[in-house]
Amino acid sequence: VTTDTQHDAGAPYKIVDNDHCLLDSSDIVFIDAPATGFSRIMGKDKEKAFLGTDQDAHAFERFIRRFLTKFSRWNSPKYLLGESYGTPRSAALSAMLRGVDLNGIVLLSTTLAFDNWADAPRWNPGVDQPYAVTLPTFAATAYYHRRLPKQPPALEPFLKEVEKFAIDEYLPALLEGSELSDARRRAVADKLRQYTGLPVAYLLKANLRVSGGGFSKMLRDEEGITTGRLDTRYLGPDFNRLSEEAEYDPQSAAVSAAYTTAINQYLRSQLGYGAGMTYLPMAQEPGFAQWDQRHQAPGGPPAAAAGSGTNLLPDLATAMKANPKMKVLVTGGYYDWATPFFEGIFEMRHLPIPANLRSNISYRYYEAGHMVYVNENALRQFHDDVSAFIRGSAGQ
């Protein structure tokens, strides 16, 4: 239990039963990704064998087939639920699991086309979509922190307005590049000011292109406060008042220790598993830095961190066309700029599938961030939405 939007004191933490667990509607199988949790990778060239987009998905595919065989579950309804990187993993898996017709996929905090990432779009010049798909999250954040010049009466109608501006006006202006007139540049900056709360002078200096880290640093800059990345409702003091972008994520800093403690306590004390083993919250193998290697721009992030170009939309589309009864539930939080909610919507609109399959996709978004379950109201809604999704698509 963590206090929503707060950084609680250290251990002992309060660890309780989850009243909103999905066990009332489904069995649950948690799979530790290779080199995470209690999973360990072994063998010659083990990093090359496991630490990559396709290698990772293949490991999951082999595990799932073996699990279905060992526990005689081939004729059970089957779903994938992936969060964050688990969403492209789920898309890849849906295409890899040939001969296993999934009933449905739940995508939580969705990002399937890595060119849309808001983390470092400046190292991918000419690709302006990240700025457009992230803008509604910036607007939601400014709304939450009451930083808008004029506070709208309600969040969701406001976001619909911002989404329309992002596609109809903002993205076309960005696509003009250096050909954008000064008058139009100023007009767009004035509109962005109304939607983000950022100063017009800053928006113009940024050439209308504000990265996620820049927004986190600037929204409450005069107070020396950095807003969150995974959940922009969270706040923390700047590490460096002179930095150009946020240097850490206050949300990760606030909850990571509590969640790491909870899983260790539960596995060891209640399940009696993991004695003498270290639980790895993230992959820490030396080769992890070589995941899906990319070009490093001069002065840019490490090649492995760029992620540019990887796109799992064709995989999901292939699975939906091969299995036209499969349903997809796209979910997330309005206050997440790591995987912005509008990115999920935008990507689904560009999924190369026939029009008649678009009714197989449904959407649910919550007033929370990347980890929607840190907000108990959102956790309750997420449980109800996923349970209804399962009940409506099992045994069709």
Side-chain angles (χ1 to χ4, degrees), residues 17-42 49-50 53-110 112 263 266-268 270-274 277 279-280 283 312 315-331 357 360-362 364 373 379 382-396:
D17 288 343
N18 179 8
D19 293 333
H20 310 294
C21 179
L22 288 169
L23 282 172
D24 62 353
S25 54
S26 173
D27 291 334
I28 306 174
V29 182
F30 288 100
I31 308 173
D32 284 339
T36 72
F38 290 133
S39 168
R40 300 295 184 268
I41 60 176
M42 300 179 183
F50 289 100
T53 302
D54 293 343
Q55 302 94 312
D56 167 89
H58 179 67
F60 272 75
E61 182 242 354
R62 294 301 304 147
F63 177 93
I64 289 170
R65 292 185 188 276
R66 291 179 182 183
F67 182 93
L68 297 176
T69 300
K70 181 175 181 178
F71 295 100
S72 301
R73 300 306 297 265
W74 278 96
N75 206 31
S76 300
K78 289 173 281 294
Y79 297 82
L80 298 176
L81 193 160
E83 177 188 4
S84 191
Y85 185 80
T87 60
R89 176 186 287 129
S90 294
L93 268 173
S94 70
M96 276 189 184
L97 284 168
R98 290 180 289 274
V100 181
D101 274 358
L102 298 168
N103 297 70
I105 300 176
V106 180
L107 302 176
L108 172 58
S109 304
T110 307
L112 300 186
I263 190 64
Y266 175 67
L267 290 171
R268 301 175 196 282
Q270 291 187 248
L271 298 188
Y273 186 83
M277 298 174 64
Y279 185 90
L280 302 176
L312 280 301
D315 300 69
L316 181 58
T318 296
M320 293 183 70
K321 287 182 279 193
N323 178 10
K325 297 289 187 179
M326 184 180 75
K327 308 297 185 184
V328 177
L329 176 61
V330 182
T331 67
L357 291 183
N360 287 356
I361 306 172
S362 54
R364 296 291 185 274
Y373 36 84
L379 170 63
F382 180 67
H383 164 271
D384 294 347
D385 290 337
V386 176
S387 292
F389 177 75
I390 292 171
R391 289 192 299 269
S393 53
Q396 295 186 86

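The structure displayed is predicted, hence computed values, not measured ones.
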Q. Ignoring hydrogens and geometry, is there a side-chain-to-backbone donor-acceptor pair from Ser90 to Gly86 under 3.5 Å?
A. yes

Q) Does the Ser25 side chain pair with the main chain of Leu22, one donor and one acceptor, at a distance under 3.5 Å? A) yes

Q.
Nearest 0.5 angstrom please: Leu97 CG to Arg65 CZ, how far?
A. 5.5 Å

Q) Cut-off 3.5 Å, side chains only: do Gln55 and His58 have a donor facing an acceptor? A) no

(Q) When you compare the side chains of Asn360 and Lys327, does any donor N or O come within less than 3.5 Å of an acceptor on the partner? (A) yes

Q) With the threshold set at 4.0 Å, does a side-chain nitrogen-carboxylate oxygen contact exist between Arg73 and Asp27? A) yes

**Q.** Exceeds 12 heavy-atom contacts within 6.0 angstrom, atom CZ of Phe38
**A.** yes

(Q) Does either side chain, that of Tyr79 or that of Ser393, offer a donor lying less than 3.5 Å from an acceptor on the other one? (A) yes

(Q) Using a 6.0 Å cut-off, check whether atom CZ of Arg98 has over 12 heavy atoms from anything other than its own residue. (A) no

**Q.** Neighbour count above 12 (heavy atom, 6.0 Å) for Tyr279 OH
**A.** yes

**Q.** Asn18-His383 side chain donor-acceptor pair, cut-off 3.5 Å
**A.** no

Q.
Distance check, rounded to the nearest 0.5 Å: Met326 atom CE versus Leu316 atom CG?
A. 5.5 Å

Q | ring pair (Phe, Tyr, Trp, His ring centres under 6.0 Å) involving Phe67 - partner list, sequence neighbours excluded | A | Phe71

Q: Mark yes when over 12 heavy atoms from residues, nucleotides or ligands other than Asp24 sit less than 6.0 Å from its CG; otherwise mark no.
A: yes

Q) If only atom types and distance count, is the side chain of Arg89 paired as donor or acceptor with the main-chain N or O of Ala57 below 3.5 Å? A) no

